[in-house]
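Before any comments, here is the structure.
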Amino acid sequence: MSQHRRRTPAKQTKQGKQRQVLVVAMAVALVVVAAGVSLGLWAASGGDGGVTGPEARPSQGRTAAAPHGTSPEGSPSPSRSYALSKAPRTIPAVREHTAARGPGWRPTSGNRVVVDDPALADEGRLIAGELGMTYEGEKDDRRAGDLRLALNEDKGANPESYVMTVRGGRVEISGPADAGVFYGTRTLKQEVHDGGTAPEGVVRDEPAKAQRGFMLDIARKNFTADWIEDRVRELGDLKFNQLGLHFSDDQGFRIESDSHPEIVSQQHLTKAQVRKIVDLAESRHITVVPEIDSPGHLGAVLDAHPDLQLSTAQGSAVQGAIDISEPGSADIVDDLLNEYADLFPGGPWHLGGDEYQALVRSDPEASFPQLASAARERYGSGATVADLTTGWLNDRADTVRKHQRTPRAWNDGFFRGTSVKAAKDIQVAYWTGKEIGARQPAEYLAEGRKVINYNDEFLYYVLGQPQTFVYPTGQRIYEQWTPRVLRGTTAVPERYDGQILGGSFAVWCDLADSQTQDQVAAGIRMPLRATVQKLWDPGEPELSWAEFRALADRLG
């Protein structure tokens, strides 16, 4: 009995300690739960203006993932925390993303798109329709689920730059101009594609190159207006900003003309169709760049005006070449340039200037005495056919300059060693290094000229693959090309980068029936995406080609 009593205090002491441990454990659990709730509420609110320290480091083109913790309504859940967000996956990739914790954002039917400036109404209506939201115009109040478009005061910034902030269940896209805001909406559209979520955090983005183009040869092959409009929509979503239309060549003249209806091909675009294309392009911040190539590639015009066709000393007609010694030649080309100035209201104008057949002869002056005579009469006794041809280019530049246009011409329309020099403001569309007297890209750059990259080694999609052309692949562009690779596969020195305005992927229809227009659309799909990625950010891409291609397939 006494032994049992001695054990009783010891047993009671052990039970007391167990109770104390249990009480402490419950208290700790309550603290942890309270802290979890507090953390969840902090993450949902954005935490006093955002994450600081290591978690706030910007990511460059990182892989996107939908943030954890999104409730069915897309609103923050106070009972859980969120993983640090990852950068969105888009084409082209965003250049900077500052991660944050939060649910991200998804568009919801009935939620608003609002703007702080009436200049953004078109962008607001477009994205509202694309995301199934309601456009409500200018509003000062903030509501859950809002998408707000705003113009900021950063007037010195790149007008195509934007900042997109996803925080607290809302999105704001701001930029110094409407173009940048538009590109922000393209990023958002890709982020939420097919039910996705725009990740929490801040995107800061801008293009490396100001000119991001796609050129289409509609002269050799008739493309329908609907097909061209589809390409405009595709280009806009990819942040291209130029569409070149080469609509006059030996095989056809493809846009209605009032000044010279006799030159227009049976299959052509009406001016009403072109205006619709131009209007659609403008709504996507795309400038349509027209090209009436001269003094070569004018066969369709010369079919109706054979008296203006260039002939050799022996009387043989030269295909596609107009006789630039004839006053009527300048008249008809200037008529057309002036006529179409109102139809194409953008800044750049492509004058062509390439492959003038008079200059592929070993002795142009002997082969074309009328050109040699005109050159001497205008420029002096030592003037050559190349001088006369350069004067022709300068004269056409004068014509479009009167309409406040910036002229450009193919690089083989510029000649070495002439007494007449091409005007300094004529930009060089560099496409080849295979012409007679070929000049390295650095020659043009050393002269201070501005250059647009059309490198035929990477960016020429030539139907039927004639001569040495092969259909370009997106992978080769993605992995090997940059805007500094102007000729072949070698980049020009970095010091010239600022003179390279951008680049353009080009479709040429040398063998027009080799592909249908739908086959063309399929064939250029990945090359277009690779090209704009490298124009937006010429650095080494974050994604492998396989990952990039898979992303393109997911985005559609």
Any donor-acceptor pair under 3.5 Å linking the side-chain atoms of [Y] with those of [X]?
{"X": "D342", "Y": "H403", "answer": "no"}
{"X": "N241", "Y": "E160", "answer": "yes"}
{"X": "Q242", "Y": "S504", "answer": "no"}
{"X": "H246", "Y": "D293", "answer": "no"}

Original post:
Under 6.0 Å from the six-membered ring centre of F182 and within 45° of its axis: does the NZ or CZ of R284 meet both?
Top reply: no
**OP:** May I ask you to establish whether R212 and Y183 are in a cation-pi arrangement, using a distance under 6.0 Å from NZ or CZ to the six-membered ring centre and at most 45° from the ring axis?
**Re:** yes
Original post:
Which atoms form the tightest heavy-atom contact between P541 and K534, and what is the distance?
Top reply: CG-CD, 4.4 Å
Original post:
side-chain contact (heavy atoms from CB on, under 4.5 Å) between L543 and R89: does it pass, once the steps are laid out?
Top reply: CA-CA 9 Å; L543 301 181; R89 278 192 171 181; 3.6 Å; yes
Original post:
Should K421 and T390 be marked as a side-chain contact (heavy atoms from CB on, under 4.5 Å) after you check the CA-CA gap, both sets of side-chain angles, and the distance that decides it?
Top reply: CA-CA 7 Å; K421 304 299 182 184; T390 302; 5.7 Å; no
Subject >> D553/R525 under salt bridge (charged side-chain N to carboxylate O under 4.0 Å, His left out): CA gap, chis, key distance, verdict >> reply: CA-CA 10 Å; D553 290 343; R525 181 175 174 274; 3.5 Å; yes
Original post:
Does any N or O in the side chain of E256 come within less than 3.5 Å of the main-chain N or O of K271, such that one atom is a donor and the other an acceptor?
Top reply: yes
Original post:
Within the side chain of N411, is there an N or O that forms a donor-acceptor pair under 3.5 Å with the backbone of T432?
Top reply: yes
**OP:** Specify whether W410 and H350 have parallel, tilted or perpendicular ring planes, treating 30° as the upper limit for parallel and 60° as the lower limit for perpendicular.
**Re:**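 If you compare the ring of W410 with that of H350, the planes turn out tilted.
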Original post:
What distance do T516 atom OG1 and L463 atom CG have between them, rounded to the nearest 0.5 Å?
Top reply: 9.5 Å
Subject >> Rounded distance (nearest 0.5 Å) linking atom CG of L235 with atom CG of L280 >> reply: 10.0 Å
Original post:
Under 6.0 Å between ring centres, would you say that holds for F247 and Y340?
Top reply: yes
Subject >> Aromatic ring proximity, centroids under 6.0 angstrom, Y454 and Y430 >> reply: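 So the answer is no for these two rings.
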Subject >> salt bridge (charged side-chain N to carboxylate O under 4.0 Å, His left out) between D497 and K209, worked out >> reply: CA-CA 10 Å; D497 186 64; K209 293 300 178 183; 3.2 Å; yes
Original post:
Between R186 and D237, does a salt bridge (charged side-chain N to carboxylate O under 4.0 Å, His left out) hold up when you go through it step by step?
Top reply: CA-CA 6 Å; R186 299 309 88 190; D237 283 351; 2.8 Å; yes
Original post:
Under the criterion side-chain contact (heavy atoms from CB on, under 4.5 Å), which of T399, T406, L337 is the partner of W349?
Top reply: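 Of the listed residues T399, T406, L337, the side-chain contact (heavy atoms from CB on, under 4.5 Å) partner of W349 is L337.
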Original post:
P441 versus Y496: any side-chain heavy-atom pair under 4.5 Å?
Top reply: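 Of all side-chain heavy-atom pairs linking Y496 with P441, none is under 4.5 Å.
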**OP:** Answer yes or no: is there a side-chain heavy-atom contact under 4.5 Å between L147 and W105?
**Re:** yes
**OP:** Could you walk me through whether D279 and K276 pass the salt bridge (charged side-chain N to carboxylate O under 4.0 Å, His left out) test, one step at a time?
**Re:** CA-CA 5 Å; D279 289 346; K276 187 179 176 185; over 6 Å; no
